[in-house]
Amino acid sequence: MSKRIVVDPITRIEGHLRVEADIENGKIKDAYSSGTMVRLLEEILIGRDPKDAWAFVGRVCGVCTSIHSLTSVRCVEDALDIVVPPNAELVRNLMFCAQYMHDHVVHFYHLHAMDWVDVVNALKADPKKTSELAQSISHWPKSSPGYFSDIQTRIKKFVESGQLGIFANGYWGHPAYKLPAEVNLIGLAHYLEALEWQKEIVKVHAIFGGKNPHPNYLVGGMACAIGIDDVSGINAERLSYVGQLLKDGKNFIEQVYIPDLMAVASFYKDWGAIGGGLGNYLVYGDLPTNGYRDLNGYKFPAGAILNKDVSKVYDVDLKKEDEIQEFITHSWYDYKEGNDKGLHPWKGESKVNYTGPKPPFEHLETDHKYSYLKTPRWKGHAMEVGPLARVLVGYARGKEEFKAVVDKALKDLNVPVTALFSTLGRTAARGLESVLVAQWSLEFYQQLLDNIKNGDTRMADMTKFDSATWPKSALGVGHTEAPRGALAHWINIQDEKIANYQLVVPTTWNASPRDNKGQMSAYEAALIDTPVANETQPLEIIRTIHSFDPCMACAVHLYDENGKTISRISVVGD
């Protein structure tokens, strides 16, 4: 007989997520993922100027900041047939790369590493042995016995006080932890170092976008101006500083993140057979090298893989109504034409209708509607999006850069390629693409310098900024690869205003409830057959869910312009 356990809220993520799992004979036999927050930014945008949409949607998330703004300006540019200058594309790519480096490092150390690293066990480590181990896997300078001893002293004070601070509420001592004390101490030390480093790389956003989080974007290009000798513009000093930040980021990834990732992975090879889930992967592609419209020039190639078959990659068209559809069979929304119908985002609707149990409640009504997330499908298939999807599609497309990092990782760990289809593979893929992005960032940086040296300082095309020149109606779609996966915005412009605006975000793909055919989405499928050693401390559930890097919807209230609440959602435990 199975027993249902509830994890709510799942912590160390952006937003609120509830998972219910049925445990039988120590393994998960069924699982349900529920997003317990609601956005409704789509409704806020209706009637507004399309050129302003980026500023609103940028507030969807402060973790993967800038990604929604980039997607928004692209969807408006697509609708109005605007081509941005090469320098603007390069600056967008640089901001994209800086975001990836920041986001992936933060995820590994601050959101996910504690699923593998036992903080309290690090107090048992021998600082001398820890130093020897650290120096054997990396040339990172902070690796002396005294350094690791000081880290232990800092953490010991927390433990002895009974207040672990940022490390409180962990399942320390859980049998699923396998790392030696010395590896735990290295991971803990680099957790603290990453806290310091992450505030540096985001300065790239502040230089090009004016601030972080939520840097500025512009329909038609970028709002920054190149002026080599101008103290108020992007001058030689600021460009040099960007280059140094990117080099430092590459160094941190190669000398700290990757060695730690590989060290951790070597002790958890069994997780190369756990958490695989769907086996279907979707990538929209990004980092253009020959203009945004040339999909063949993307560093991250687009495509779809079905049933783990990397011998065939399917093309993806976001404008075809039979490719991308959102279902609400098990979501707290209503569609005018019926709740079993799938809608392409250009025809999307966002009418919330909560029909679940009245809080507080013991369990979700999983036979009915049980989530605020809609359920997107590609040609009827449930798809996983994110780093693993990108690495697999790049590998399957035969891109040499992807093949090089993947083959090296598999060789170093002595695991088969099938180990990629797993919780461990998902975690490793994030690190592997960080290596590539760090390399690419310096390529884009040099291209920007070369353009400027050749006299090209253009950053925006404003010829279509006057709405009087726009067509009466226009449809557009903008896409990117957010750190967590495929992201697209669809816009319908009527009479110079937004008539409809829909976002399908990565975690909607991964965390959504079942569809009208009963198909699970990525989170639910990945949890099936996951072992659970202790039902009261479901570390294994957390480990697999965190491997996706969940980022739930941020907005919980919808207000009118006077600040009056017109819709409020009650959330258990909020």
Side-chain angles (χ1 to χ4, degrees), residues 2-23 28-44 59-63 111 168-169 171 326-335 339 349-376 503 505 507-508 510-516 518 520-524 527 532 535-539 541-542 544-546 548 550-560 563-574:
S2 64
K3 176 183 178 181
R4 178 164 294 190
I5 63 173
V6 177
V7 186
D8 181 21
I10 289 184
T11 54
R12 282 186 271 127
I13 64 172
E14 171 75 3
H16 286 212
L17 174 67
R18 177 187 180 102
V19 167
E20 297 192 6
D22 294 336
I23 311 295
I28 296 176
K29 292 303 177 185
D30 209 350
Y32 301 88
S33 168
S34 174
T36 57
M37 303 178 77
V38 62
R39 288 181 278 119
L40 293 182
L41 277 170
E42 296 92 337
E43 297 296 296
I44 293 173
R59 272 65 183 176
V60 167
C61 181
V63 175
L111 305 180
N169 300 322
Y171 297 145
E326 286 193 296
F327 294 85
I328 58 169
T329 308
H330 289 281
S331 308
W332 290 312
Y333 295 87
D334 280 335
Y335 283 166
N339 292 344
E349 301 170 14
S350 300
K351 181 182 178 183
V352 172
N353 181 22
Y354 179 77
T355 57
K358 183 178 180 180
F361 55 84
E362 184 178 5
H363 295 300
L364 297 163
E365 295 176 340
T366 51
D367 289 338
H368 304 288
K369 293 173 179 280
Y370 61 90
S371 179
Y372 278 117
L373 277 66
K374 297 177 184 177
T375 304
L503 303 81
V505 306
T507 301
T508 311
N510 289 334
S512 50
R514 286 159 167 78
D515 60 22
N516 60 337
M520 296 179 176
S521 294
Y523 285 11
E524 296 179 345
L527 287 174
V532 178
E535 295 173 359
T536 64
Q537 295 185 334
L539 174 63
I541 292 177
I542 302 292
T544 287
I545 294 297
H546 281 171
F548 288 93
C551 189
M552 311 308 293
C554 293
V556 282
H557 306 307
L558 179 62
Y559 296 93
D560 67 11
K564 179 182 177 182
T565 303
I566 58 176
S567 177
R568 183 183 296 274
I569 308 301
S570 297
V571 180
V572 176
D574 190 17

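- Taking every heavy atom of both residues into account, Glu20 and His363 meet most closely at OE2-CA, 3.3 Å.
- Rounding to the nearest 0.5 angstrom, the gap separating the CD1 atom in Ile328 from the NE2 atom in His330 is 11.5 Å.
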Could you please spell out the steps behind the side chain to side chain contact (heavy atoms under 4.5 Å, CB included) verdict for Ile542 and Val19? CA-CA 10 Å; Ile542 302 292; Val19 167; over 6 Å; no
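- Between the CG atom in Leu17 and the OG atom in Ser34 there is a gap of 7.5 Å [rounded to 0.5 Å].
- Considering every non-hydrogen atom in both Met520 and Asp30, the closest pair reads CE-OD1, 3.2 Å.
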Check against side chain to side chain contact (heavy atoms under 4.5 Å, CB included), Asn339 and Lys369: CA-CA 10 Å; Asn339 292 344; Lys369 293 173 179 280; 3.6 Å; yes
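- For the pair Glu42 and Leu503, the minimum side-chain heavy-atom distance is below 4.5 Å.
- Using a 4.5 Å heavy-atom threshold, the side chains of Pro550 and Ile10 count as separate.
- Contact between Thr355 and Glu365 at its shortest, heavy atoms only, is O-OE1, 3.7 Å.
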Does the pair Tyr523 and Thr507 meet the rule for a side chain to side chain contact (heavy atoms under 4.5 Å, CB included), with working shown? CA-CA 9 Å; Tyr523 285 11; Thr507 301; 3.7 Å; yes
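- Interatomic distance, Ser350 OG to Leu41 CG, rounded to the nearest 0.5 Å: 10.0 Å.
- Atom CG of Leu364 and atom CZ of Arg4 lie 7.5 Å apart (nearest 0.5 Å).
- By the 6.0 Å contact criterion, NZ on Lys351 is open, its count of non-hydrogen atoms from other residues, nucleotides or ligands being 12 or less.
- Taken to the nearest 0.5 Å, the NE2 atom of His546 stands 11.5 Å off from the CD1 atom of Ile541.
- Scanning all heavy atoms of the two residues, the minimum distance from Ser33 to Tyr370 falls at O-CE1, 3.4 Å.
- Ring geometry for Tyr372 against Tyr333 counts as perpendicular: the plane angle is over 60°, on a 0 to 90° scale with 30° as the lower cut.
- Of all non-hydrogen atoms in Thr508 and Leu373, the two that sit nearest each other are CA-CD2, 4.0 Å.
- Judged by distance alone, the side chain of Thr375 and the main-chain N or O of Ser512 form no donor-acceptor pair under 3.5 Å.
- When every heavy atom of Lys374 is checked against every heavy atom of Tyr335, the shortest pair comes out as CD-OH, 4.1 Å.
- In this structure, Met552 CE and Arg18 CZ are separated by 13.0 Å, a value rounded to the nearest 0.5 Å.
- Contact check for Ser371 versus Tyr32: no side-chain heavy atoms found under the 4.5 Å cut-off.
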